[in-house]
Amino acid sequence: MSTTIQPRRFLRGLVPYIPGKAIAAVKRELGLRSIVKLASNENPLGASPKALAAFKRAMADCSLYPEGASPELRQALARFHRVDPDSVIVGNGSDEIIRLLCEAFVEPDDEVIVSQYAFIRFKQQAAMMGGKVIEVPMVDWTHDLRTMGRTASLRTKIVFVANPNNPTGTYNTEDELAELLAIVPASTLVVLDEAYAHYADGLPDFPLTVPGLLSRHPNLVVIRTFSKAYGLAGLRVGYGLADTELVGWLDRIRMPFNVNLPAQRACIEALKDAAFVKRSVALAAKGRESLGREIRAMGMEVLDSAGNFLFVHTPVPGRTLFHALLKRGVIIRPMDEYGLAKSVRITVGTPGQNKLLLRALREVLAQARNAP
Ligand SMILES: Cc1ncc(COP(=O)(O)O)c(C=O)c1O
C-alpha cells in the first residue's frame, strides 16, 4: 500500500541527522565483544558518582510526573551562572533548545546564518521551519564571525555560532564575538552554542559569555549541555540562557514534561561536582595533545582542538577508515554528512582507549599503503 499524504513542504528535502554508531549496534552487526566508541564526543570518565547517586534516589519517585519547567534545576543553574532563574530554559538535550529556538522564531523565508562546517543541527532545524539557510565559508576551518555579521540584515532571524565548533574543534575569540554582536541588527538572535566551552577554558581569549556578555545583549542566547564535560549524554539535558522574554516564548512551546525527573535531580548534583568536571577537562586537554601528536606523526593533518575531540584530514576516504577501524572494534565518525569525504572526527578517550585507537589506525594505514 502507498499513501498520497505529503508532509509539510519544508520536510521533503530534509536530510536526517546521522548519529555516531552505537556500541550495541556494532556488537550486534560484527559480533565483536569489546568496542571503543570515540564517535560522539562522550565523556570517557562516565559521570559524577554524586549525580548517579541522585539519579538512583530519584527512581523512587518515578511514578510521579516531574515538575515540567525543571524549577529546581533552573534555580541551581541560575545560582551557578549568576543569572535570573527566569532567564534559564532547560531542554531535552541542548538539541531541544536549538529546535525550540527555530520553532519559536523562524518564519518561512526568514534568513538563518550558519558557518559552513558548523554543527549540522543548526541548519537542519532552521530548514525544518522553512528558514532560508545562508552558509558563510569558514576561514582556516573557523567561523568567520566578521563576514557572518556583515551578512546579517533585517531579514536575518538567527545567527548560529558553535564555540568551540563541532566538528572542527576551532574557536572564536572574545573580540571576534564582540564585533559580531556589535554588527548584527538588534532584531537578530545570536545563538552561541557552548556545548564544549568547558574544554576551552584557559585558551587565549576564549570568550567569557555568562553573565557578562549575556547581560549586555538582549539578543544573545547561550546554550550549554550536560552531555559532554558532565558525562550525562544519556540523560538528555541541556539548557539555554537568554533574556527572560525570549525564554518565556521557549517555555510556552516546549513539551509539558520535557526533562525527566531523575535527569533533573542528577544534573543538580552534577553541577556541584566541580572536581569531576575538572578531571574530565584535564583528561581531554592532555589527550588531545598526545593523540594529535601521534596522529600527525602518521602523516595526517590534525586541527588544533578546543574540544574533547580531534578533526583529522585522512589520506583515504573517511568512510573507508571508519569501516576499517570498526572491524577492529573502534568507532570514529566519518564526516561525509558535512560534505567532507576525507576527514574524520575522533573523540579523545582514556589513555587506554587512545592507545587502542592508535594501534588500529597504524594497522589500517599500513594496510592501505600496501594495497595494490
Ligand atoms: C555543538 C553541539 N551542540 C549541541 C549538541 C547537542 O548535544 P545534546 O543534545 O546532547 O545536549 C552537540 C552534540 O554533539 C554539539 O556538538
Side-chain angles (χ1 to χ4, degrees), residues 8 10-11 14-20 40-41 70 74 77 87-108 110-136 143 145 148 152 156-168 171-172 177 180 184 188-198 209-210 214 219-230 232-233 235-243 246-255 258-259 263 267 307 337-338:
R8 287 169 48 237
F10 304 123
L11 304 192
L14 220 61
V15 181
Y17 179 72
I18 307 169
S40 299
N41 301 342
S70 310
R74 251 171 133 153
L77 286 164
S87 66
V88 183
I89 172 104
V90 183
N92 199 267
S94 54
D95 209 23
E96 187 190 6
I97 308 295
I98 297 168
R99 184 179 190 127
L100 290 177
L101 284 163
C102 291
E103 285 178 349
F105 298 111
V106 178
E107 301 265 20
D110 275 352
E111 288 177 3
V112 174
I113 298 178
V114 299
S115 183
Q116 189 178 15
Y117 301 119
F119 183 49
I120 206 160
R121 297 293 295 137
F122 303 151
K123 66 175 181 187
Q124 287 177 339
Q125 289 293 357
M128 200 178 87
M129 298 312 299
K132 189 174 153 215
V133 176
I134 300 177
E135 261 185 44
V136 173
H143 283 56
L145 294 191
M148 289 172 77
T156 309
K157 197 44 98 44
I158 303 183
V159 177
F160 276 109
V161 177
N163 203 31
N165 182 46
N166 168 22
T168 57
Y171 73 95
N172 293 97
L177 185 61
L180 173 77
V184 299
T188 300
L189 284 175
V190 174
V191 175
L192 191 65
D193 182 339
E194 296 190 330
Y196 299 95
H198 284 106
T209 46
V210 187
L214 195 66
N219 60 335
L220 176 63
V221 181
V222 174
I223 302 180
R224 294 269 184 131
T225 182
F226 283 94
S227 298
K228 309 299 173 185
Y230 293 104
L232 293 169
L235 298 195
R236 311 302 307 122
V237 188
Y239 57 97
L241 305 167
D243 175 78
L246 297 180
V247 164
W249 287 111
L250 304 183
D251 211 22
R252 254 169 266 187
I253 60 164
R254 67 170 169 75
M255 298 264 274
N258 60 335
V259 180
C267 288
E337 189 186 6
Y338 285 83

| With sequence neighbours left out, what residues match E96 under salt bridge (Lys or Arg N to Asp or Glu O under 4.0 Å)? | none

| Going from OG1 on T225 to CG on L235, what distance comes out if it is rounded to the nearest 0.5 angstrom? | 10.0 Å

| Going by heavy atoms in the side chains, are D193 and F160 under 4.5 Å from each other? | no

| task | Would you check if the side chain of N172 reaches a backbone N or O of L177 as a donor-acceptor pair within less than 3.5 Å? | result | no

| Between CG on residue L101 and CD1 on residue I223, distance to nearest 0.5 Å | 5.5 Å

| message | Just so I know, are the side chains of V221 and L250 near enough to count as touching, which here means a heavy-atom distance under 4.5 Å? | response | no

| request: Mind checking the CG-NZ spacing from L14 to K123? Nearest 0.5 Å is all I need. | output: 11.0 Å

| said: Among residues at least two apart in sequence or on other chains, which ones pass salt bridge (Lys or Arg N to Asp or Glu O under 4.0 Å) with D251? | reply: R74, R254

| request: Evaluate the side-chain contact (heavy atoms from CB on, under 4.5 Å) criterion for residues M255 and N92: first the C-alpha distance (whole Å), next the side-chain angles of each, then the deciding distance (0.1 Å), finally the verdict. | output: CA-CA 9 Å; M255 298 264 274; N92 199 267; over 6 Å; no

| message | Between Y196 and N41, does the side-chain contact (heavy atoms from CB on, under 4.5 Å) criterion hold? Intermediate values first, please. | response | CA-CA 9 Å; Y196 299 95; N41 301 342; 3.0 Å; yes

| With sequence neighbours excluded, what pairs up with Y239 under the side chain to side chain donor-acceptor pair (under 3.5 Å) test? | H81

| If every non-hydrogen atom of G131 is compared with every non-hydrogen atom of V106, which pair is closest and at what distance? | CA-CG1, 3.6 Å

| request: For the pair L189 and L246, evaluate side-chain contact (heavy atoms from CB on, under 4.5 Å) and give the outcome as yes or no after the intermediate values. | output: CA-CA 10 Å; L189 284 175; L246 297 180; 3.5 Å; yes

| query | Taking atom CD of E107 and atom CG of D110, what is their separation to the nearest 0.5 Å? | reply | 6.0 Å

| request: Please report the shortest heavy-atom distance between S40 and G20, naming the atom on each side. | output: OG-CA, 3.6 Å

| Within a strict 4.5 Å, meaning less than it, do heavy atoms of the V112 and F122 side chains meet? | no

| field | R236 vs D95, side-chain contact (heavy atoms from CB on, under 4.5 Å): CA-CA, chis, key distance, verdict | value | CA-CA 9 Å; R236 311 302 307 122; D95 209 23; 4.2 Å; yes

| Which heavy atom of G91 sits nearest a heavy atom of N258, and at what distance? | CA-ND2, 3.6 Å

| Between T168 and H143, is any pair of side-chain heavy atoms under 4.5 Å apart? | no

| note | side chain to side chain contact (heavy atoms under 4.5 Å, CB included) filter on A152, not counting sequence neighbours, yields I113, T156, V159, V184, P185

| said: Ignoring hydrogens, what is the shortest heavy-atom contact between I97 and I89? Give both atom names and the distance. | reply: CD1-O, 3.7 Å

| request: Check for a donor-acceptor pair, side chain of K157 on one end and backbone N or O of F105 on the other, with a separation under 3.5 Å. | output: yes

| field | Test item: L192 and V161 side chains (from C-beta on) under 4.5 Å apart, heavy atoms | value | yes

| message | Please enumerate all residues that pass side chain to side chain contact (heavy atoms under 4.5 Å, CB included) together with E103, with sequence neighbours excluded. | response | R99, L100, M128, M129, I253

| query | Looking only at heavy atoms, which two atoms of V247 and A242 are closest? And how far apart? | reply | CG2-O, 3.7 Å

| field | Pairwise distance CD(Q116) to CD(E135) - rounded to 0.5 angstrom | value | 6.5 Å

| said: Could you report the tightest heavy-atom contact between V133 and A127, atom names first, then the distance? | reply: CG2-N, 4.2 Å

| task | May I ask you to test the F10-P108 pair for a side-chain heavy-atom distance under 4.5 Å? | result | yes

| said: So, using side chain to side chain contact (heavy atoms under 4.5 Å, CB included) as the criterion, who are the partners of Y17 when residues are at least two apart? | reply: P19, F119, I120, R121, Q124, R333, E337

| query | Hey, what do you get for CG (L232) to OG (S227), rounding to the nearest 0.5 Å? | reply | 8.0 Å

